[in-house]
Amino acid sequence: NISIPDSVTTIQANSFMGCTSLSSVEIGKGVTDIGGGAFEECTSLVSVDIPDNVEFLGQLSFRDCINLSSVTIGNNVSNIEASTFSGCTSLTNVTIGVSVSDIKGHAFENCTSLALIDIPHNVNSIWNYAFRNCSKLTSVRIPATTEVDSKAFGEGDAFEACENDFIYPPQGLTICNCIPLNTSCFD
């Protein structure tokens, strides 16, 4: 277990990468940046609360944290970068903060336990492969104002686990409505 002091402003890239016995982390009130790969492959990490003081969450930050089941992304993180949570195979609960504007490519790829994702209204775009191979997704909620990558169906599909029965709602936006995904909507 580790507690990052309030005096720390940046958790450098790869700082705790591969710390397989790290089971919990408390991020201090002074931290604004979490570097790429900072907690990558911390296989004992179970939950992460990224506080509101964090503004930047680097790519691969929590990649392959295979026991990570719950993530709360604070209200000042601007984007979920590429592959930030990819390979978090136990992830079941994700809360996305109100400042996230983009969910970038591969962000939640291979999160095979993720069943529900509720995209907040502030998210402008979901990039290709963002939720690829999230095989247990049963419910996805996407605001009508959110743009799903232009390759949303077929190669590069943001929700690639869905391969059948697409519905095209108003404004040219796209939703999956297929097996195993059985509930989807736009607000």
Side-chain angles (χ1 to χ4, degrees), residues 32-40 47-52 54-65 68-163 166 169 171-178 180-181 183-187:
T32 57
D33 295 344
I34 298 176
F39 296 96
E40 185 176 1
S47 69
V48 172
D49 184 6
I50 300 165
D52 290 344
V54 174
E55 298 169 2
F56 178 76
L57 189 57
Q59 62 184 358
L60 309 169
S61 296
F62 294 92
R63 182 176 162 229
D64 292 333
C65 292
L68 187 63
S69 63
S70 178
V71 171
T72 299
I73 300 168
N75 288 322
N76 286 311
V77 172
S78 57
N79 294 308
I80 300 174
E81 298 294 334
S83 301
T84 300
F85 298 101
S86 68
C88 294
T89 55
S90 297
L91 191 60
T92 58
N93 184 31
V94 176
T95 303
I96 299 173
V98 298
S99 292
V100 171
S101 62
D102 294 315
I103 299 174
K104 296 192 177 177
H106 307 270
F108 294 95
E109 181 178 29
N110 297 321
C111 291
T112 54
S113 296
L114 190 61
L116 164 70
I117 191 72
D118 191 356
I119 307 295
H121 288 281
N122 47 290
V123 174
N124 295 320
S125 62
I126 300 171
W127 294 28
N128 64 327
Y129 293 123
F131 294 92
R132 181 182 186 200
N133 294 329
C134 293
S135 54
K136 290 193 178 169
L137 271 177
T138 57
S139 182
V140 177
R141 186 151 104 172
I142 304 172
T145 55
T146 299
E147 179 183 334
V148 178
D149 189 87
S150 63
K151 296 178 183 179
F153 303 104
E155 191 63 30
D157 182 350
F159 295 91
E160 194 171 83
C162 299
E163 297 174 354
F166 299 110
Q171 302 172 339
L173 298 170
T174 52
I175 3 181
C176 292
N177 187 12
C178 60
L181 191 65
T183 304
S184 56
C185 63
F186 281 84
D187 290 342

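In this chain, residues are counted from 1 in sequence order. Just so it is clear, the structure is predicted and the values come from calculations on it, not from any experiment.
Between Ile50 atom CD1 and Asn76 atom CG the span is 12.0 Å, to the nearest 0.5 Å. To the nearest 0.5 angstrom, Phe62 atom CZ is 11.5 Å from Ile80 atom CD1. To the nearest 0.5 Å, the span separating CG on Asp102 from CH2 on Trp127 amounts to 6.0 Å. From Leu114, atom CG reaches atom OG of Ser69 across 11.5 Å, with rounding to the nearest 0.5 Å. Considering CG of Leu60 and OG of Ser86, their distance stands at 6.5 Å, rounded to 0.5 Å. Note: Asn93 CG to Thr72 OG1 = 6.5 Å, rounded to the nearest 0.5 Å.
Put simply, the side chain of Asp52 gets close to the backbone of Asn75: a donor and an acceptor are under 3.5 Å apart. Proximity of a side-chain donor or acceptor of Thr146 to a complementary backbone N or O of Val123 within less than 3.5 Å is detected.
Here the closest heavy-atom approach between residue Ser113 and residue Thr92 is recorded as O-CG2, 3.7 Å. Taking both residues in full, the closest heavy atoms of Pro143 and Pro120 are given as CG-O, 3.4 Å, listed atom of the first, atom of the second, then distance.
Counting only residues at least two apart or in different chains, side chain to side chain donor-acceptor pair (under 3.5 Å) contacts with residues 55-64 comprise Glu40-Arg63.
With contacts defined as side-chain heavy-atom distances shorter than 4.5 Å, the pair Val100/Asn122 qualifies. The shortest distance between side-chain heavy atoms of Ile119 and Phe131 falls below 4.5 Å.
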Only distances under 3.5 Å count here; give the side-chain donor-acceptor pairs of residues 103-112 to other protein atoms, sequence neighbours excluded, each with its distance to 0.1 Å.
unit_1: Lys104; atom_1: NZ; unit_2: Glu81; atom_2: OE1; d: 3.2
unit_1: His106; atom_1: ND1; unit_2: Glu109; atom_2: OE1; d: 2.6
unit_1: Glu109; atom_1: OE2; unit_2: Arg132; atom_2: NH1; d: 3.2
unit_1: Asn110; atom_1: OD1; unit_2: Asn133; atom_2: ND2; d: 3.1

Go through the steps to decide whether Thr145 and Asn124 satisfy the test side chain to side chain contact (heavy atoms under 4.5 Å, CB included), and finish with yes or no. CA-CA 7 Å; Thr145 55; Asn124 295 320; over 6 Å; no
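A donor atom on one side chain and an acceptor atom on the other are found under 3.5 Å apart for Ser101 and Asn79.
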